[in-house]
A.B. asks: 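Here it is: the structure, laid out below.
Counting convention: from 1, in listed order, for ligands and their atoms alike. The structure displayed is predicted, hence computed values, not measured ones. Atom set for the values below is all heavy atoms of this structure, side chains included, hydrogens, waters and symmetry mates excluded.
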Amino acid sequence: MARRILLVTGNRGKLEEAREVLREYGVEVEQAQAWKLEVQSESLEEIALRAARVAYAQLRRPLAVEDAGLFINALNGFPGPYSSYAYKTIGIPGVLRLLEGAADRGACFKAAVAYVAPLVERVFTGEVCGSIAREPRGSQGFGFDPIFVPEGYSSTFAELGPGVKNRISHRARAFRRLGEWLSRRDPL
Ligand code: IMP
């Protein structure tokens, strides 16, 4: 098992969530600031894997790259793989405006974690579904957390905080699958 992996990300929120989950499997996560390739694709798996390959070519150490997005039913899955661009441009107010009058406020967060190490390439996915709140609520987390209400709850991720989010989130589920897989492998 690789006891220490690099996570290539500039996002502190992602780093903290990955750390918390992988700690349960005895895997330490170190942040790496490699240049991140942003390929355009409709597949989170492909985006994460291609970015991980490029990062591995630079860093030559076992590493993971995660790519995630918010898929909104009424918008046919938009912003999906374009979520970070949508967040930076139209933001939460823009998404709420697009959903004005929508009968279906259902949405899912999806994540793909690509792991690349010597002679290994694997992609793990995770998903959590729920709905888009009518207005932003809560101050924890990042990105679209203030408007995402996971199924079975009435609070947003930003209100629920890291304890609940790290049990049920798309990212936690994908990293848990990576953690389980790493813990079944021989030490590198
Ligand atoms: P990327 O994975 O860095 O391309 O970013 C995807 C974008 O989706 C982020 O910038 C956030 O706006 C949004 N996103 C992904 N995961 C989460 C999450 O757990 N909470 C809130 N927003 C998220």
Side-chain angles (χ1 to χ4, degrees), residues 6-22 29 31-52 54-55 63-73 75 77-96 98-99 105-115 123-133 135-151 153 155-178:
L6 301 177
L7 179 65
V8 183
T9 182
N11 181 327
R12 252 310 335 135
K14 281 188 179 186
L15 178 72
E16 291 309 325
E17 291 180 14
R19 261 196 186 140
E20 179 113 6
V21 169
L22 288 179
V29 180
Q31 184 177 21
Q33 298 275 15
W35 171 74
K36 189 178 167 212
L37 173 77
E38 286 285 347
V39 285
Q40 219 174 12
S41 163
E42 287 181 20
S43 153
L44 297 177
E45 288 96 322
E46 186 190 348
I47 296 169
L49 181 58
R50 290 183 59 186
V54 170
L63 58 81
V65 171
E66 186 257 17
D67 202 70
L70 178 63
F71 294 72
I72 300 176
N73 299 348
L75 307 177
F78 179 83
Y82 310 107
S83 293
S84 91
Y85 187 66
Y87 184 77
K88 280 185 256 171
T89 52
I90 62 173
I92 286 179
V95 168
L96 292 178
L98 289 174
L99 285 182
R105 301 186 71 88
C108 298
F109 267 128
K110 298 184 190 185
V113 172
Y115 175 77
V123 183
F124 303 87
T125 59
E127 176 176 300
V128 59
C129 293
S131 62
I132 302 297
E135 70 283 308
R137 301 195 312 257
S139 56
Q140 305 179 77
F142 66 94
F144 293 108
D145 279 348
I147 56 167
F148 184 79
V149 178
E151 231 160 54
Y153 294 82
S155 306
T156 65
F157 265 162
E159 292 174 308
L160 291 166
V164 175
K165 190 176 176 192
N166 270 340
R167 265 194 283 120
I168 63 170
S169 83
H170 50 313
R171 181 167 304 102
R173 286 177 171 150
F175 275 106
R176 208 163 277 135
R177 287 182 175 144
L178 169 62

A.B. asks: For Lys14, state whether at least one heavy atom is located under 4.0 Å from any atom of ligand 1.
C.D. replies: yes

A.B. asks: Applying salt bridge (Lys or Arg N to Asp or Glu O under 4.0 Å), which residue pairs with at least one partner in residues 138-147 are found, sequence neighbours left out?
C.D. replies: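 Applying salt bridge (Lys or Arg N to Asp or Glu O under 4.0 Å) to every pair that reaches into residues 138-147, excluding sequence neighbours, yields Asp145-Lys165.
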
A.B. asks: Taking only heavy atoms of Gly143, which atoms of ligand 1 are found under 4.0 Å from at least one of them?
C.D. replies: 12 (O), 21 (C), 22 (N)

A.B. asks: Is any N or O atom of Asp67, backbone or side chain, closer than 3.5 Å to an N or O atom of ligand 1?
C.D. replies: yes

A.B. asks: Looking only at heavy atoms, is any part of Phe142 under 4.0 Å from ligand 1, and if so is it the side chain, the backbone, or both, or is it neither?
C.D. replies: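 The answer is both, backbone and side chain.
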
A.B. asks: Heavy atoms only, cut-off 4.0 Å: how does Phe144 contact ligand 1, side chain, backbone, both, or neither?
C.D. replies: both

A.B. asks: Determine whether a donor-acceptor pair (N or O, by modelled atom type, separation under 3.5 Å) exists between the side chain of Arg177 and the backbone of Thr125.
C.D. replies: yes

A.B. asks: Any side-chain heavy-atom pair from Glu17 and Pro162 closer than 4.5 angstrom?
C.D. replies: no

A.B. asks: Aromatic ring centroids of Tyr115 and Phe124 under 6.0 Å?
C.D. replies: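 Not under 6.0 Å, so no.
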
A.B. asks: In terms of ring plane angle, is the pair Phe157 and Phe148 parallel, tilted or perpendicular, where the classes change at 30° and 60°?
C.D. replies: tilted

A.B. asks: Please identify which atoms of ligand 1 are closer than 4.0 Å to at least one heavy atom of Arg171.
C.D. replies: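 In order of number, 15 (C), 16 (N), 17 (C), 18 (C), 19 (O).
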
A.B. asks: Which ligand 1 atoms does Tyr87 reach within 4.0 Å, using its non-hydrogen atoms?
C.D. replies: 12 (O)

A.B. asks: Can you give me every donor-acceptor pair (side chain of residues 78-90, partner residue at least two apart or in another chain, under 3.5 Å) with its distance?
C.D. replies:
from: Ser83; atom 1: OG; to: Leu70; atom 2: N; distance (Å): 2.9
from: Ser83; atom 1: OG; to: Gly80; atom 2: O; distance (Å): 2.6
from: Thr89; atom 1: OG1; to: Tyr85; atom 2: O; distance (Å): 2.7
from: Thr89; atom 1: OG1; to: Ala86; atom 2: O; distance (Å): 3.4

A.B. asks: Give the atom numbers and elements of ligand 1 that come within less than 4.0 Å of a heavy atom of Asp145.
C.D. replies: 18 (C), 19 (O), 20 (N), 21 (C)

A.B. asks: For the side-chain contact (heavy atoms from CB on, under 4.5 Å) test, which of Val8, Val54, Leu49, Val123 pairs with Val65?
C.D. replies: Val8

A.B. asks: Which ligand 1 atoms, with their elements, are less than 4.0 angstrom from a heavy-atom of Lys165?
C.D. replies: 18 (C), 19 (O), 20 (N)

